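It should be emphasised that the depicted structure is a prediction, and the values quoted were computed from it without experimental measurement. We name chains A, B, ... by the order of the sequence lines, and we start the count at 1 in each one.
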Amino acid sequence: MTEGPVDATRPTGSPWDYAPAAVSAARAPLRSSYGLFVDGGHVEPRAGGHTACRDPRDGGVLAEVAVADAADVDAAVRVARRAQPSWAARPGRERARVLLTLAELLERDREAIAVLETLDSGRPIRHTLEDDLPAAADHLVHHAGWADKLAWAGLGAGPTAHGVLAQLTSSRAPLLALIRDLAPALACGNSVVVKPAGCTPLSALLVAELAREAGLPPGVLAVLTGPAATGEALLGHPDLDAVTFRGPAATLRSVRRRLAGRRTALAHGEAGGDIALVFDDAAVDEAVDGIAQAACCNQGPTSWSTSRLLVQERVHDQLLDALRARLEGCRVGDPLDRNTDVGPLVASDHLRALHARMEATGGADAWSASPDLPDTGWWLAPTIVSAEVATTSLAAVADRGPVIGLQSFRTPAEAVAKADAAWLGGTATIWSATGWRGQSVAEHIRARSVWINALPQTGPPDRGLGVTPVTGVGTPHGLEAFLRPTGEVRHGR
Amino acid sequence: MDGSTTQPGGRLTSLAEVTASEARLRTFLTALPPVDPVGLERRAAALARRAVVGSSRHTALEHAITMVDLTTLEGADTPRHVRALAAAARRPDPEDPAAGPVAAVCVYPDLVATAVDALGGSTVGVASVATGFPSGRTSRRVKLLEVQEALAAGAREIDMVLDRGTFLAGGYGRVLEEIRAVKQACGSAHLKVILETGELGGYDEVRRASWLALVAGADFVKTSTGKLAPAATPPAVMVMLAAVRDFAAWTGHVRGVKVAGGLRTADDAVRYLVLCREIAGEPWLRPSRFRLGASSLLEGLVRARRRSASRGHPDHASPAANR
C-alpha cells in the first residue's frame, strides 16, 4: 500500500512551477552609444564608425559601440606606452590600493554590472550576480595582495613588468575573463589595451570607467571595441610587449602564428573547453549535475565549459539516462530571471556554427532536451551528440553552447588516448570516487588543468576551492605570465 | 514494470533476487553508487537560491500546509494538549477555512486514541511512532507489541525507527527482517521508517539505509526523530529523494519521503518543496508522497500564507527580497 490514507487533492490542481522572478533590465547603466575608452575617457573612433551591440534574447539592439581601426589602435598603444613607466614605478602598495578600490566599486555596483553583463552576454543573472561579480572582486583583492610582494613571487628580487600588454578576451563570461587577466597585469605594473570580444563589449567599457574612478591613471587601461579586424590590428601593432588571449582554440593558433618571430610574447593563452571523464565508480548524481552545469550552462558558474564527455562503457546507458533527465530539468529562458539555468547563446554566429557542425556530423545520434524556446533570439536546447567520429570539429564549437559530444571508453588507458587525440588545449575533469584512479589518470592526461570530482574553477588560487588543480599553468599564482624575471633584458628599448 | 530492469549498479537484478539472502542484500547495498559530498552540498546550496516568489510562493505555502504531519512527541504530552493539536490540524488558520487541513497528526502510541477521537470525521490521519522511538533499542517482541497497540487504538500510519545499531554493525539482513515484520503487522496502515540521518555517519550511509528501507517495503523514508541534532538537512533529503526516484524507476513502486526535525520557518518548508520538485520530480509533490513533520512550523506557514494572500501575489521582486 503506497498511497497513505490522506491523498488530498492539491489546492490548485495544476503543476507547481516557479513564477517569473525577473530582475529589471532597467537596472543596467546602459547608454545608447559608446565610444572607445582611451586615455582615461571616451573618445570617438576616427573612421571606423559604430556597430550595433545586440541583445541575445531577441536580437534587438542594446547600444551602438565604436569600431576601432588601425589608427585608433596606434593611438591607444602610444598612450599606454607613455603611461606605463610611471604606473610601474609606483610603489606596489599604491597599485594595490587602486585594485582594492576597484574591487569595492564592483561590490557597490554589483547589481547594475551583473544586469548589464546578462543583457550583453545572455549569461543567467544567477551566475553573473552570485558567481561572477564576487569572483571578479576576489581576483582583484588577491592580486592587489601580490602588487607589493613581487620580490617574493619566485622570479628574483626585482622582476619587472612586461610593459604594454594587449588583452584579447572571450565572449564567455566576459567580465570574469577580463578581470582574470587584468588584475594580475595591472598589479604587476603593466598597462593594458583590452580588445573585448566583438559581441560582448559592454562590461569591459564599464570596468574601464570604474577603474578610472578607482584612481587608475589615465592611459594605463584602454578598451578598444570592434570586430575581429580590430583584434587583428591590435595584434599587428609593433610596439606591444605581450599579449594575453582567451577564446576559441583555432583563434589561439592563429594568434601564436602571428606572434612567431616577434619580440611580443604570448604571456598567457587559454582556449579549449573542458572534457569530462566519468568512470564506473563515479558518484553518478553529482557527476551528472557537474557535467550539466558545466556544459549546458555554457554561461555557467565556470568560464570553462564542458564540451566533451567520455563515459566508461559499463555505466554508459545509466549515465546517459541520468544526464538526459537532468538536462530536461534545466530551465531555459530569460537570463534576467533568477531561476533560469540556461540563457541564449551570445551571438547568432555561434548558433549557426553549432547547427552547421551538428549537421555535418551527419547521422550521429543527437538528443536534445525539449524546453519551450522563445521565437526570437539565439536559443539552443541542451543537446548531447554521440560523436565517436567527429569529435574534434564538434569540440571546437561545442563550447559555445549547451552541446556535449559523447564518447565511451573501456579502460582508463583508452580514455586518456581518446581525450588526448582531440585535445584543443583545454582542461579535464575526472569523475571517480576511487582516489588512486583519479590521480593516475590526472597524471597521464594532456590538459591545462585537471579537476577530480569538481567543477572547473575560476577563482583565484586561494579561493578555498575544496579541490586543487592537479596540474596548472606555470607557478601556482600565474604571475610569471605578467612579469619578466629579474635581470631579463627587454628587447628593442 | 516487474522490477527486473537495470539496477542502479548497472547489473540486471530484480527486487526478489536482491532480498533473497543476506549476501545478496549486502552486495546490492554496497554496490550503490557513491555520493560525492562536495558536489551534493554545492547543488543543495544552489537549489536553496531558487527564487520562489509571488503566486508560486503562495502555491508552495498551500501545498506545504497540506503536507504537514503535525507532531507532538514530548514526555509532557497530555490529552488536552493533543486535542488542541488536533484542532489546529483540522483548521490550521482559524480565520480562513480554505487553508489546509494538514496531512496527519503524529503522537506517541498511548495518545493515539485521544487523537483519533479528536479528529473523528476529518481527513487528517493519525500517525503513531513505535518500535522503541526514538532509540529503537528494545526487543523485537516489544517493538511489534507497540505497533499492534497503536494500530488497535486507531492509528493508520506507523513511524518506526531504523535499528541504527544493527545497521551500523552491518546486520542488514536483520534490519530488513525487522522492517518486514513491522510492515506485516501494519497491514493496510502505511509505514514510515525513520533513518535518523544525523546518526548514520555520512551520505553514503543515508543512501544505503534509504535503499534498505525501500527494498524492505517501507512506504516512506523519514529523516529524523527530531530528538537529535543534526536532524533533517537539505543534502540528506536530496539523497533520499534520489533514492525514491530511482526506486520508482527500477520497480514502478512510488514511495515517499518525510522531512522531520529542524523545520522552523516557512522558507525552510518552501526550500524542501523545491528540492522535492527538482530531485524527485513533480509527481512527488503531494501529501501521499512528501511530508513535513514539525510542530511549530504550521503557525509560520499559516502566517506566511496570510501575508502572501494579502499582498496579492506581486509579480516582480528585487534580488534583495526572498532572502
Name the atoms and distances for all side-chain donor-acceptor pairs under 3.5 Å in residues 234-241 of chain B, with sequence neighbours left out.
none

Report summary line: Answer key: most heavy-atom pairs under 4.5 Å with chain A among Ile279(B), Val35(B), Asp204(B) is Val35(B)
Query raised in the report: Of all residues at least two apart in sequence or in a different chain, which pass the salt bridge (Lys or Arg N to Asp or Glu O under 4.0 Å) check with Asp321(A)?
Result: none
**Report entry** Salt-bridge contact Asp289(A)-Arg42(B) (side-chain N to carboxylate O under 4.0 Å)
**Finding:** yes
Query raised in the report: Side chain, backbone, both or neither: which part of Ile65(B) has an atom under 4.5 Å from a heavy atom of chain A?
Result: neither
**Report entry** Ala60(B), part contacting chain A, at a heavy-atom distance under 4.5 Å
**Finding:** both
Report task. Give, as side chain, backbone, both or neither, the part of Asp285(A) having an atom under 4.5 angstrom from any heavy atom of chain B. Result -> side chain
Query raised in the report: If you round to the nearest 0.5 Å, how far is CG of Leu319(A) from CG of Asp280(A)?
Result: 11.5 Å
Query - Glu41(B) versus Tyr203(B), side-chain donor and acceptor atoms under 3.5 Å - result: yes
Query - Proximal component of Ala322(A), with respect to chain B [non-hydrogen, under 4.5 Å] - result: neither
